[in-house]
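Next up is a structure, given as structure tokens.
Computed from a prediction, not measured in an experiment: that's the story for all the values here. Numbers here are sequence positions counted from 1.
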Amino acid sequence: MASTDIKPTTIPGAFSATNEDLSAAERLKFGMASTDIKPTTIPGAFSATNEDLSAAERLKFGIVSNAEVAHVTQVPQAPGVYSVRNEDLSAAERLKFGIAQPVPIVSNQHASGFDPKSEYEQSYASILTNGYWGMQSNQEEKGNAAIEAEVVSDHDHHNDFDDVDWFDGELRSKQWRTLCTICSVVSFIIIISLSSALNSAKNKNTAGDKTDLKQPVPTILPTPPPTTPPVDITWCFNSREYVADARYASLQSILVNSGLSTDTEFATDNSYQRKSLCWLAFGDALQIDKSDPFIGQRFALATLFYSLNEPSKLLSSGWLSSKHECKWTPMVECDVRTNSTISKLNISDFDLQGQLPKELSSLRYVTHLDLSNNLLNGGATKALSGWSVLQELRLANNSFESVPELVDVMSSITYFDVSANNIVGEIPVFLSFASNLVYVDISSNSFSSNIPDYMGGNLPQLYSLYMHSNDLTGKMPRSICNLRNVSLRNLSVDCDAAEGDVASDVSCDVPQCCTVCNGYI
């Protein structure tokens, strides 16, 4: 047992402790008990004897036999480790117990040639391979040639794990730098390749006509409609080969029975009826069935093309395409309710030449017809006969020689324009009884005689009436002048402005009746 008065210099960190304050276990731990421990004299350790402790435990607590002491090097500077030899301790343990002088770390490479970084790499590898004690054995075999760690201060420790972490961080940093370098090189190569490809394509585009650069090229070029029929059917126009074809014969029979054309017309070589039937039988890619109720409608549109000098402008716009005729837009529009019956024809400014074919009369549900700005001649009465729902008729700027007699449409027509034609004769009577007319233009023709007195009495909704540039004479009827107080806003005729001292074609007071002479407002 130790003395009853413990000196603070013998037990570091226990300056205020006395023997009475320590348990038997604590006295054993700090080597303050006798080598022979009696179970009755050590409270809390009654069952512990020297025989119950292993050699390691006796070494740990300083309880060794004389035989063992002979082999132990006393180290008075390290309390509690009297039985431990310097050779049994690692450099780190010697540092822990103060049995080594700390060596300041000056640089990564010591003056003696000792490299801590290399040493710790070897130590770390040895630990992974042989374990800690295997590493210690290797150090003993090397004769403890180097000191492995240095302690600079109590707050700045440099240990094995710091160097291992530093080494791992350096390795990862090098790997990341290598990866970034590779990515940068690859990106640079890709950018150079793309630039070369774009420059090459640009040079190819500029090799042709320089004007192409001024017009953007669409990403998807639209497919233009065919400029000629998709199938060559000229053999059918002036030969008898078609006679043996059952489809041709069936279609001819249907069209003849419907009253559109006659067998004589179909038998005439190069007639527009023959050409239209040849296209319907052999050239039409749609190949509609002979039982289709709209065969006559499609046939009538074909006759319009072949009878008017086969205009390429009309063909290139989609006329006679493989689509249903209701999709020959914008020239053709169909009734929105059925989407199968033609209701509007807008064929203005298509270089149409000749006379309108009589087969157009089968399109009896057309409400709007615009054939202005073409080279049409003759008359239009046969072509438009039976059109009982026509509302707008625009035939301006053609060479028509007569006004179509639209007796069937007197109750429905609202817009009537036949200006700038070659029409002669008197103003047609039906214009005086078309009660729904809003716009009438018969100017720039060769109408003659007087204006009918009854004309204005039956046109209560008339808004514009243009009759200038004709050969009309007499006075403006009072019935028309009275419309100026009802609905008429624009009235023009060949007249003198106000003086009345010069002979005039038509006498009309301005502005009381006529709004302008010899022109439009």
Side-chain angles (χ1 to χ4, degrees), residues 343-345 356 358 360-361 363-372 378-396 398 400-495 505-508 513-515:
S343 61
K344 294 182 180 181
L345 288 175
L356 294 176
K358 61 182 178 62
L360 289 180
S361 61
L363 307 178
R364 60 192 57 173
Y365 298 106
V366 173
T367 60
H368 296 72
L369 176 63
D370 189 354
L371 296 172
S372 58
T381 300
K382 287 185 178 181
L384 306 182
S385 63
W387 287 23
S388 58
V389 294
L390 184 62
Q391 298 175 14
E392 294 187 11
L393 179 62
R394 302 169 187 261
L395 303 178
N398 279 285
F400 287 109
E401 299 167 0
S402 63
V403 175
E405 294 291 337
L406 302 178
V407 179
D408 297 331
V409 299
M410 286 193 302
S411 61
S412 62
I413 188 111
T414 61
Y415 192 103
F416 184 84
D417 185 0
V418 293
S419 61
N421 278 280
N422 299 326
I423 302 174
V424 298
E426 297 181 356
I427 296 175
V429 175
F430 83 89
L431 287 179
S432 300
F433 298 96
S435 58
N436 289 317
L437 274 173
V438 176
Y439 184 96
V440 175
D441 191 350
I442 60 174
S443 65
S444 302
N445 279 289
S446 298
F447 287 103
S448 59
S449 73
N450 296 334
I451 301 172
D453 291 336
Y454 52 81
M455 187 173 182
N458 300 308
L459 304 175
Q461 301 184 54
L462 189 61
Y463 188 88
S464 298
L465 176 58
Y466 298 104
M467 298 184 291
H468 59 273
S469 300
N470 278 290
D471 297 328
L472 298 173
T473 60
K475 292 183 178 181
M476 182 65 68
R478 179 53 55 184
S479 61
I480 295 178
C481 289
N482 291 337
L483 292 177
R484 296 282 284 121
N485 300 321
V486 182
S487 59
L488 190 59
R489 294 294 178 268
N490 305 310
L491 176 58
S492 174
V493 71
D494 297 325
C495 62
D505 295 325
V506 175
S507 176
C508 185
C513 185
C514 292
T515 56

Exercise for review: Tell me, with the steps shown, if S448 and D471 meet side-chain hydrogen bond (donor to acceptor under 3.5 Å, both in side chains).
Suggested key: CA-CA 5 Å; S448 59; D471 297 328; over 6 Å; no
**Study point:** Note, M455 side chain near D453 side chain (heavy atom, < 4.5 Å)
**Key:**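 They are not in contact (no side-chain heavy atoms under 4.5 Å apart), so the answer is no.
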**Study point:** I427 and M467, any side-chain heavy atoms less than 4.5 Å apart
**Key:**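 Sidechains of I427 and M467: in contact.
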Practice item. Verify, without hydrogens or angle tests, whether T515 (side chain) and L491 (backbone) share a donor-acceptor contact under 3.5 angstrom. Key: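 The answer is yes, because a donor-acceptor pair under 3.5 Å joins these two groups.
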**Study point:** Minimum heavy-atom distance S479-G456, with the two atoms named
**Key:**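 Nearest heavy atoms, S479 then G456: OG-N, 3.3 Å.
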Point to revise | Heavy atoms from other residues, nucleotides or ligands near CZ of R364 exceed 12 (cutoff 6.0 Å) | key: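 Check fails, neighbour count at 12 or below.
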Check your understanding: Where do T473 and N450 land on the side-chain hydrogen bond (donor to acceptor under 3.5 Å, both in side chains) test, with the steps shown first?
Key -> CA-CA 5 Å; T473 60; N450 296 334; 3.0 Å; yes
Check your understanding: Going by the angle between their ring planes, with limits at 30° and 60°, are Y439 and Y415 parallel, tilted or perpendicular?
Key ->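 Rings of Y439 and Y415: parallel, as their planes differ by under 30°.
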Review point. If you measure from NE2 on H468 to OG on S492, what distance do you get to the nearest 0.5 Å?
Key: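 The distance works out to 4.5 Å.
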Check your understanding: Okay, side chain of N398, backbone of N421: is any donor-acceptor separation there less than 3.5 Å?
Key ->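 Looks like no, no N/O pair under 3.5 Å.
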Practice item. Give the C-alpha distance, both sets of side-chain angles, the deciding distance and a yes or no for side chain to side chain contact (heavy atoms under 4.5 Å, CB included) between V403 and N445. Key: CA-CA 11 Å; V403 175; N445 279 289; over 6 Å; no
Review point. Where do A383 and L356 come nearest, in terms of heavy atoms and distance?
Key: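 Result for this residue pair: CB-CB, 3.7 Å.
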Check your understanding: Is atom CZ of R489 surrounded by more than 12 heavy atoms (other residues, nucleotides or ligands) closer than 6.0 Å?
Key ->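 Yes, CZ of R489 has more than 12 neighbouring heavy atoms, counting only those of other groups under 6.0 Å.
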Check your understanding: Is the backbone of E426 close enough, under 3.5 Å, to the side chain of S449 for a donor and an acceptor to pair up by distance?
Key ->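 Checked: no pair found.
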Exercise for review: Please tell me if the side chains of V424 and F447 come closer than 4.5 Å, counting only heavy atoms from C-beta onward.
Suggested key: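 Not in contact.
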Check your understanding: At what distance, to the nearest 0.5 angstrom, does CE of M410 lie from CG of L437?
Key ->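 Between M410 CE and L437 CG, I get 10.5 Å after rounding to 0.5 Å.
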**Study point:** Polar side-chain atom of D441 near backbone of S443 as donor-acceptor pair, under 3.5 Å
**Key:**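 Yes; judged by distance alone, with no hydrogens or angles, the pair exists.
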Exercise for review: Could you list the residues that satisfy side-chain contact (heavy atoms from CB on, under 4.5 Å) with S372, not counting sequence neighbours?
Suggested key: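 With sequence neighbours excluded, S372 shows a side-chain contact (heavy atoms from CB on, under 4.5 Å) to S348, D370, A396, given in chain and number order.
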Check your understanding: So which of L395, L393, L345 actually passes side-chain contact (heavy atoms from CB on, under 4.5 Å) with L371?
Key ->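 Result for side-chain contact (heavy atoms from CB on, under 4.5 Å) with L371: L395.
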Exercise for review: Taking S435 for its side chain and L459 for its backbone only, find out whether a donor-acceptor pair lies under 3.5 Å.
Suggested key: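 No.
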Practice item. Would you indicate whether C508 and C514 have their SG atoms under 2.5 Å apart? Key: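 Bridged: C508 to C514.
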Point to revise | W387 vs D408 side-chain heavy atoms within contact, under 4.5 Å | key: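 In short, these two side chains do not touch, never coming nearer than 4.5 Å.
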Check your understanding: Taking it one step at a time, do L462 and V440 satisfy side chain to side chain contact (heavy atoms under 4.5 Å, CB included)?
Key -> CA-CA 8 Å; L462 189 61; V440 175; 4.0 Å; yes
Check your understanding: Can you name the nearest heavy-atom pair linking P452 to P477, along with the distance?
Key ->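 Shortest heavy-atom contact: O-CG, 3.4 Å.
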Review point. D417 versus Y466: any side-chain heavy-atom pair under 4.5 Å?
Key: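 No, every pair of side-chain atoms sits at 4.5 Å or beyond.
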**Study point:** Expected output: side-chain N458 to main-chain S432 donor-acceptor under 3.5 Å
**Key:**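 Yes, N458 side chain to S432 backbone: donor-acceptor pair under 3.5 Å.
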Exercise for review: Please name the pair of heavy atoms, one in S385 and one in S361, separated by the smallest distance, quoted to 0.1 Å.
Suggested key: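 Closest approach of S385 to S361: O-CB, 3.5 Å.
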Exercise for review: Using modelled atom types only, decide if a donor and an acceptor are shared between the side chain of T367 and the backbone of S343 within a distance under 3.5 Å.
Suggested key: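 Yes; judged by distance alone, with no hydrogens or angles, the pair exists.
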**Study point:** Nearest-0.5 Å distance that lies between atom OG in S419 and atom CD1 in I442
**Key:**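 Reported value, rounded in 0.5 Å steps: 10.0 Å.
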Check your understanding: Closest heavy-atom contact between L390 and H368?
Key ->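 Closest approach of L390 to H368: CD1-N, 4.2 Å.
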Practice item. Report yes if the side chains of I451 and I480 come closer than 4.5 Å at any heavy-atom pair, otherwise no. Key: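 A side-chain contact exists here, since the closest heavy-atom pair is under 4.5 Å.
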Review point. Is a side-chain N or O of N470 found less than 3.5 angstrom from the main chain of L472, in a donor-acceptor match?
Key: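 No, the answer is negative, given that no donor and acceptor are paired below the 3.5 Å cut-off.
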Practice item. Take atom NZ of K358 as the centre, draw a 6.0 Å sphere, and report whether it contains more than 12 heavy atoms from other residues, nucleotides or ligands. Key: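 More than 12 heavy atoms, drawn from other residues, nucleotides or ligands, come within 6.0 Å of this atom.
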Point to revise | Heavy-atom check, side chain of V409 versus side chain of V389, under 4.5 Å | key: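 No, side chains not in contact.
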Practice item. Would you sort out whether L384 and L360 count as a side chain to side chain contact (heavy atoms under 4.5 Å, CB included), showing the intermediate values? Key: CA-CA 7 Å; L384 306 182; L360 289 180; 5.6 Å; no
Review point. Between F400 and A380, what is the shortest heavy-atom contact and its length?
Key: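 The answer is CE2-CB, 4.2 Å.
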Point to revise | Point-to-point distance, once rounded to the nearest 0.5 Å, from SG of C495 to NZ of K475 | key: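 Rounded to the nearest 0.5 Å, the SG-NZ separation comes to 14.0 Å.
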**Study point:** ring pair (Phe, Tyr, Trp, His ring centres under 6.0 Å) partners of F433, counting only residues at least two apart
**Key:**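 Y454.
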Review point. What's the spacing between S412 OG and E392 CD if we round to 0.5 Å?
Key: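 Result: 11.0 Å between the selected atoms.
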Point to revise | Qualifying residue, where the test is side-chain contact (heavy atoms from CB on, under 4.5 Å) with V493 and the options are D505, V506, L465 | key: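 For V493, the side-chain contact (heavy atoms from CB on, under 4.5 Å) test succeeds with only one of D505, V506, L465, which is V506.
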Check your understanding: Does a side-chain heavy-atom distance below 4.5 Å link V486 with Q461?
Key ->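 A side-chain contact is absent here, since even the closest heavy-atom pair is not under 4.5 Å.
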